[in-house]
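What follows is one structure encoded as structure tokens, with my remarks underneath.
Within every chain, numbering begins at 1; the chains are lettered A, B, ... in the order of the sequence lines, protein sequences first and strands thereafter.
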There are 4 protein chains.
Amino acid sequence: MSKVIKNGTIVTADRTYKADVLIEGGVISKIGQNLSGDESFDATGCYVMPGGIDPHTHLEMPFMGTYSADDFESGTRAALAGGTTMVVDFCLPNPGQSLLDAIKMWDNKSVKAATDYTFHMAITWWGEQVFNEMSQVVDRGINTFKHFMAYKGSLMVDDDEMFSSFQRCSDLGALPLVHAENGDVVAALSQKLLAAGNNGPEAHAYSRPAEVEGEATNRAIMIADMANSPLYVVHVSCEQSHEAIRRARQKGMRVFGEPLIQHLVLDETEYFNKDWDHAARRVMSPPFRNKQHQDSLWAGLQSGSLQVVATDHCAFTTEQKRTGLNDFTKIPNGTGGLEDRLPVLWTRGVVTGRLTMNEFVAVTSTNIAKILNMYPKKGAILEGSDADIIVWDPKRSKTISAGNQQSVIDYNVFEGVEVTGLPRFVFTRGELAITEDKVDAKPGHGEFVAREPFAAVNRALSTWKEITAPRKVERAGIPVSGV
Amino acid sequence: MSKVIKNGTIVTADRTYKADVLIEGGVISKIGQNLSGDESFDATGCYVMPGGIDPHTHLEMPFMGTYSADDFESGTRAALAGGTTMVVDFCLPNPGQSLLDAIKMWDNKSVKAATDYTFHMAITWWGEQVFNEMSQVVDRGINTFKHFMAYKGSLMVDDDEMFSSFQRCSDLGALPLVHAENGDVVAALSQKLLAAGNNGPEAHAYSRPAEVEGEATNRAIMIADMANSPLYVVHVSCEQSHEAIRRARQKGMRVFGEPLIQHLVLDETEYFNKDWDHAARRVMSPPFRNKQHQDSLWAGLQSGSLQVVATDHCAFTTEQKRTGLNDFTKIPNGTGGLEDRLPVLWTRGVVTGRLTMNEFVAVTSTNIAKILNMYPKKGAILEGSDADIIVWDPKRSKTISAGNQQSVIDYNVFEGVEVTGLPRFVFTRGELAITEDKVDAKPGHGEFVAREPFAAVNRALSTWKEITAPRKVERAGIPVSGV
Amino acid sequence: MSKVIKNGTIVTADRTYKADVLIEGGVISKIGQNLSGDESFDATGCYVMPGGIDPHTHLEMPFMGTYSADDFESGTRAALAGGTTMVVDFCLPNPGQSLLDAIKMWDNKSVKAATDYTFHMAITWWGEQVFNEMSQVVDRGINTFKHFMAYKGSLMVDDDEMFSSFQRCSDLGALPLVHAENGDVVAALSQKLLAAGNNGPEAHAYSRPAEVEGEATNRAIMIADMANSPLYVVHVSCEQSHEAIRRARQKGMRVFGEPLIQHLVLDETEYFNKDWDHAARRVMSPPFRNKQHQDSLWAGLQSGSLQVVATDHCAFTTEQKRTGLNDFTKIPNGTGGLEDRLPVLWTRGVVTGRLTMNEFVAVTSTNIAKILNMYPKKGAILEGSDADIIVWDPKRSKTISAGNQQSVIDYNVFEGVEVTGLPRFVFTRGELAITEDKVDAKPGHGEFVAREPFAAVNRALSTWKEITAPRKVERAGIPVSGV
Amino acid sequence: MSKVIKNGTIVTADRTYKADVLIEGGVISKIGQNLSGDESFDATGCYVMPGGIDPHTHLEMPFMGTYSADDFESGTRAALAGGTTMVVDFCLPNPGQSLLDAIKMWDNKSVKAATDYTFHMAITWWGEQVFNEMSQVVDRGINTFKHFMAYKGSLMVDDDEMFSSFQRCSDLGALPLVHAENGDVVAALSQKLLAAGNNGPEAHAYSRPAEVEGEATNRAIMIADMANSPLYVVHVSCEQSHEAIRRARQKGMRVFGEPLIQHLVLDETEYFNKDWDHAARRVMSPPFRNKQHQDSLWAGLQSGSLQVVATDHCAFTTEQKRTGLNDFTKIPNGTGGLEDRLPVLWTRGVVTGRLTMNEFVAVTSTNIAKILNMYPKKGAILEGSDADIIVWDPKRSKTISAGNQQSVIDYNVFEGVEVTGLPRFVFTRGELAITEDKVDAKPGHGEFVAREPFAAVNRALSTWKEITAPRKVERAGIPVSGV
Ligand SMILES: [Zn+2]
Ligand SMILES: [Zn+2]
Ligand SMILES: [Zn+2]
Ligand SMILES: [Zn+2]
Ligand SMILES: [Zn+2]
Ligand SMILES: [Zn+2]
Ligand SMILES: [Zn+2]
Ligand SMILES: [Zn+2]
């Protein structure tokens, strides 16, 4: 049964034009004037855009014997409610665990997904087994590998391991990702703060200054450059990290940066709130920064030095947060955002003129689809693309509140934020999931999206690195000289 | 009669995929598998790309009682031979001349064009008449206005005039362009060099150091920012200018930069050639720079801080160049490049891995089509787009030489450069113009392309500037206080 | 009659040590342990430092038919009260006026000076006469020439004139100074603001954004570089200007920058005060900026990219300020600060740990003495140096207030600021002028300080520029070639 | 017996003037006109300058069972011959060895010194013992602690250890130093190069790219900032490292940088020499870089972002170098330079106009004396200062050659370099050691120079860090809220 979206204005990363969209078999079968289908959806006054892709979620993530509260069911439901039609979750092997086993675990969790999804694989330990399995992971359709430079003693890998893994990525045509904070320094500062009686949630921010993030970003970039690899930096929260990325790009290095919607609009004063719960609910890594950092991130989206807006959605309930009541290092790290990313970015970005609508689509959907090498199956309104579509009503508005959200947690870090610009309809592979406030997410509808390695940037970089590789100096007699 | 391009790989700014292309009525009517048409063109082993757009040419430009040697006939013929299917020429009013009269003059010249074309209007003087006519120029489909910060005593406008004109552009939804060199300093240095006996072509380069260009770029950016306008900087030749652009973009300013193919691959040592003719033929403004500047420009294309590769094609014969035999300031400024831009950029950029094929398309065609607000009529391989298409054979190669070029001049600044990657076929609005070495350019085939004002970036910037505009402080009694 | 300062700790730009200081004949005759003299001054618990030098004052400056309120009598009295023992005032020729005549006018005013002083000569117009007289001005002991890039229609000079003047400075071994704001843009913005009804003092700030200052600084630097000259930028108020200076210095250019004490501690919110008088009294150019700019300036002093802290003391009474009641462009530009510079800088700089005591001395005295080529006659505690000495009591404190200041105006922009660190004694060429709150300034005591041209930096730069100057390419037959 | 230096021009970091210098008891007893003494030295036509201080030497350094060839006897003799009157050597404890025991070993070696000397202590391992002994090391007069970020498996310390040690330095008022190269990456690249058959000395350079040094510098700066400590970066060889230092300084961080004379004038092409010995003799870490990096370093000295020129003198004979014939990683790292630093810097810096004479003195002597907190005992021509004096003849010249050098090794990396500007006389604590080519160095004359902790910069920084330290948020009931 075909569907047609009529009378809307299509907005993609590269253009804006009036046309109808016909959906058949889960894909866009035709774009044109005066189309008709079995079922018609009126997009008058609306923008028809590629569904959002959130490249950074942690659904049902294991944590200290429990799990992050939103699983693939509630998480993807929240995503759809906000116009996001695909999530990329992080597959986290335990130390020593086979990467393939970890994928199985994530396969199991993701059966409940109501949107399509794919995985990043985390490199949480290093060894010959990991080295070997990386190839099979790529064969499985996962071409991105995440590295934690923080979380000392658990997820953190050292420079040596990063170099080896990045080199392996380069050989496999894959893309390494980093969580960039200097774990040694974070651990030392945390201990120092606790020792001084600084055990509140604000100390979480104190323990992870912008300089600490900037340093790690800079280091990861150098290691990637030496390993002949492109690099993707997740949750870029500050000017220091952004500066390192810009500096690399100015040299022609292939580095991508992903700010979060939280860092774009929320600031560090949240941690100084007199209400412990309020502050603890905002505990995430990196922490919120100040206005100057926010301006830097916005400018990055405008100029293209940052390419993607994500959420790092990793929701914990207030009860879970209270695990760290007397010790900020025990507060589970993470906030929500899946439902709010698009409306908040539209309101603060497009309505203000900071971003064009096309840039909005680029940073919420198209750019990451290209970076992850799944464009134009995803991230596009093109004939043949998956029918992951938002019909966006720029006039609809609401006040964000935990009271009416899809996420299962009991608060929302954007509580009270007024947004203008919300979905009228959301389609996931052709299925209608959202009609304004009505949510028809179907758990299990979502499918895994396999992605090919050796994206264009990987191939170009490898060529350039080969051409400019150091050359041996040929010498006849060695040594030939006396003094 | 329909044409079909078969068995090729379509390469656009955003993707690479195998498909056939059907051309009907001068436009792309269908893209898909196994298409057929009246006439078939085999693209096996080739890339099917949007035709190049050269946003910076001076064809039959008046100069000291004569004209630049390539006119719209030979210029667009050369363009086609190298895969460029559209040129943007500069309409240059004389001092005091009506802008509309100038358009008429350019209309007359361009009747011979074999490719589509459009104009930038130059603001060579300032007054109420110019202010008023700018609106009519925009109505005529020209939304870009060029400003010369150099050429003191002839084309140069001062800061005051630039501010007024940029502000007018902002109000009209147009985009100001600048030739950025400090004309006062160039003039003073030129006089100093001549006075010291430095009258050779190398002194042309000495009179226009990179710092002088960087300064002007920086100044134009500030003026545009104050006038609430985006800005496009033509022929960015050096790190200083590029740095100013990057610095602006890092603040969210909407600034675009255009390096030339000449500056990307030729360097200042050309001016030190013992052969006066060799050096004089390379005289253009800005002059060629050194390798560090070249690296900066390439990185700009890679990172997106520079968006467009142009030629500033303004060809003078050796005889014309010799006007300046005893005085470098009298050597007509300009070089050719229309035929060579794509093959040289492909060879030095794509073959080396500095650019992906998609980036190649972006910087030679798609980006400028977007910036000039004529995308996707131009710069795209999409259904409905004009059938300006290159079938690019990455295996074909040649050595560039004046002996076999289309340009009417008697030399080529790329003489001896070997290129790999050349057109197999070139179509201009559906007409076959090039079949390998065979040139079938049809003078008069080209049409003027009118462009709408108020591109997305203009609108976004105006919104942001309005929101952040200074606000009056309301005061009750003025003044209210004693000490 | 000799004087001895006993039991103090000498603090100079390069060291801190305990010693007594003997003063004879207006100079320091001996530094050592256990010295004795006819009169003894106890410096127990105090720092013995070179008297402050304020390189930027406008005393009794002509303005719209009136004069700035503090003349050389009250101005130098205020200076002494705050520990400043020398001022450098700007000699401002009228358009067309002989530079030598202007010096005579300033000679007449300065007879009342209670401290030593010298002049900068302003280049307010250009012509052969000015060119010629510059040489005589240098012979007269004035080796610094000021250029206004703002104040369009009155003091402003254009790029051409700056280039000529800077080149002349280079030849004479002199140092050009600039007031760096783009006068064309300031004028245009002012008109636009007035036209929009923005006539209050806050519009003064709106009319002179940081970008406008940064641009002019950048331009002056380029022109100086092209003219083979060092450069000194007065009243650097913002990151943009500081960035341009840093960027130049990173290339080895010889550029100095002078922030004002006002810009280091006061911010733009002063202009939003509901009291018109409050805001108008703060009107100066450049205007106060925000905290980020302040941080930039402090870091410049710490890192050495900025070298000197001045005041631009140019005091106007409230009554004079009210000239601009209905038009902010008519508010006389200028604030006081001569008495406050040292205590405020000590309190906000040394007490907080931003600056060492040695850096304090460097930026208030020694650096400018070196830059102006009058070290170690001034700016030093060395045997043979002029006995311009402060005995600084780090424990003394007060609250700054117009009620107890030396300046004749009726307010103080630092009103209410608490300072810790004040003079116990101040000596000017050996004469005691200040004993805590007791002021014994002697009008007429001050002498003109003549300064030699060709400071070390000038000579080094000229050598380097000569070595790296462009060289003519020698060619045999011109031209030698055909195609 | 007193000595007097007559008719010379004294050149110090802050001024240039004509005066005689009287030496008594090893110190400067008087500076003035027409002085007389028992013995007179004619300085007509010469500059009288503070003796050079080389803050970075490795004399008789243990290495793979042997020692660097120049010991304190030949090393300090070479120093004197070139005008250097003090060296700072690195005391290197073995893993697990007591720092105090290491000092004893260095005490034993240094008894042969002909110049005064002091030590930096290296932190080559970490533990409670090291933590505790650092305090005793400071009491012993050593206030600088070196950290190797390279030499994985031997000297290298990790981020955690650096943070702990830097924090300890901050508490003790000491200054941490770093050798900044990422040891993990250097090791990995070395293995990769060797595996690919790249075993020649040029591969040494390939294994340590500028990016690898820049990264480590950036990291050390962040760690110092977090540990509230200033930082000194030894052998800054490249723009990347220099850029990190500038970036830190622009934020007010207290970071110092030391380029080597080798990196200022020699470049990477040395490693491409077809003569293995030639290349191997230049093997040092970091390796020589290209001209752009050299320009960056010179500009750093000009602008003050780099403060000190050193040598890292660590001389190995050709025979010793040949240990690495088949494996570049086995070539002992190090070159000479002690005798050549001043003449080469004068020739390439002062004669060309890149540096003033005062800057020459600053970067060869005065700045490091201040940084190491031993000014003005060292680094000054002041009454009371040690009589470490050079009488510098700007007309004397020679061609540098191993044939006539003091160093015991059989080659010189500056072989063939012509220098103009050499010592006429050199005095070490009042003893004449050099008379043009005549060398009278006295082994054992040299004394250890003890240095106090808590230099001015340390104290200021601690104050600022205390004022800006994170503050705990006081909360009443925790938590207070529900949703
Ligand atoms: Zn993370
Ligand atoms: Zn995450
Ligand atoms: Zn031009
Ligand atoms: Zn042009
Ligand atoms: Zn001024
Ligand atoms: Zn002034
Ligand atoms: Zn080292
Ligand atoms: Zn060393």
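Heavy atoms of V350(A) lying under 4.5 Å from chain B are absent altogether. Looking at V255(B), neither its backbone nor its side chain comes within 4.5 Å of chain A, counting heavy atoms on both sides. In this structure, chain B has a heavy atom under 4.5 Å from the side chain of L382(A), while its backbone stays farther away. Using a 4.5 Å cut-off between heavy atoms, R254(A) touches chain B through its side chain atoms alone. Only the side chain of E383(A) comes within contact range of chain B, judged by heavy atoms closer than 4.5 Å. Only the backbone of L461(A) comes within contact range of chain B, with heavy atoms under 4.5 Å apart. Contact annotation for K251(A): only backbone heavy atoms (N, CA, C, O) come within less than 4.5 Å of a heavy atom of chain B.
One finds the CD atom of Q307(A) at 8.5 Å from the CG atom of L301(A) (value rounded to the nearest 0.5 Å). Of the inter-residue distances, the one linking I245(A) atom CD1 with E258(A) atom CD reads 10.0 Å to the nearest 0.5 angstrom. Rounded to the nearest 0.5 Å, atoms CE (M226(A)) and OG (S170(A)) are 12.5 Å apart.
Across all non-hydrogen atoms, the minimal contact from P394(B) to W346(B) is CB-CZ2, 4.2 Å. When all heavy atoms of H242(A) and G300(A) are compared, the pair lying nearest together is CE1-CA, 3.4 Å. Between P259(A) and L297(A) the shortest heavy-atom distance is CB-CD1, 4.2 Å.
A donor and an acceptor atom, one from each side chain of S229(B) and Q167(B), are nowhere located under 3.5 Å apart. Side-chain N/O atoms of N143(B) and R451(B) include a donor and acceptor closer than 3.5 Å. A side-chain N or O of E213(A) and one of S237(A) form a donor-acceptor pair less than 3.5 Å apart. Side chains of S397(A) and T420(A): no donor on one and acceptor on the other come within 3.5 Å.
With chain A as the partner, the residue from G32(B), S305(B), P376(B) showing the most heavy-atom pairs under 4.5 Å is P376(B). Chosen from T352(B), T463(B), I467(B), the residue pairing most often with chain A at heavy-atom distances under 4.5 Å is T352(B).
Chain A is approached within less than 4.5 Å, heavy atom to heavy atom, by D14(B), R15(B) from residues 9-24 of chain B, ordered by number. For residues 354-364 of chain B, the interface with chain A (any heavy-atom pair closer than 4.5 Å) comprises R354(B), L355(B), T356(B), N358(B), E359(B), sorted by residue number.
Put simply, the side chain of L264(A) reaches to within 4.5 Å of the side chain of W298(A), judged on heavy atoms. Contact check for R249(A) versus R246(A): no side-chain heavy atoms found under the 4.5 Å cut-off.
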List the steps, then state whether side chain to side chain donor-acceptor pair (under 3.5 Å) holds for S303(B) with Q250(A). CA-CA 6 Å; S303(B) 68; Q250(A) 287 166 210; over 6 Å; no
Kindly indicate, with the supporting measurements, whether the criterion salt bridge (Lys or Arg N to Asp or Glu O under 4.0 Å) is fulfilled by D267(A) and R289(A). CA-CA 5 Å; D267(A) 70 47; R289(A) 310 293 189 185; over 6 Å; no
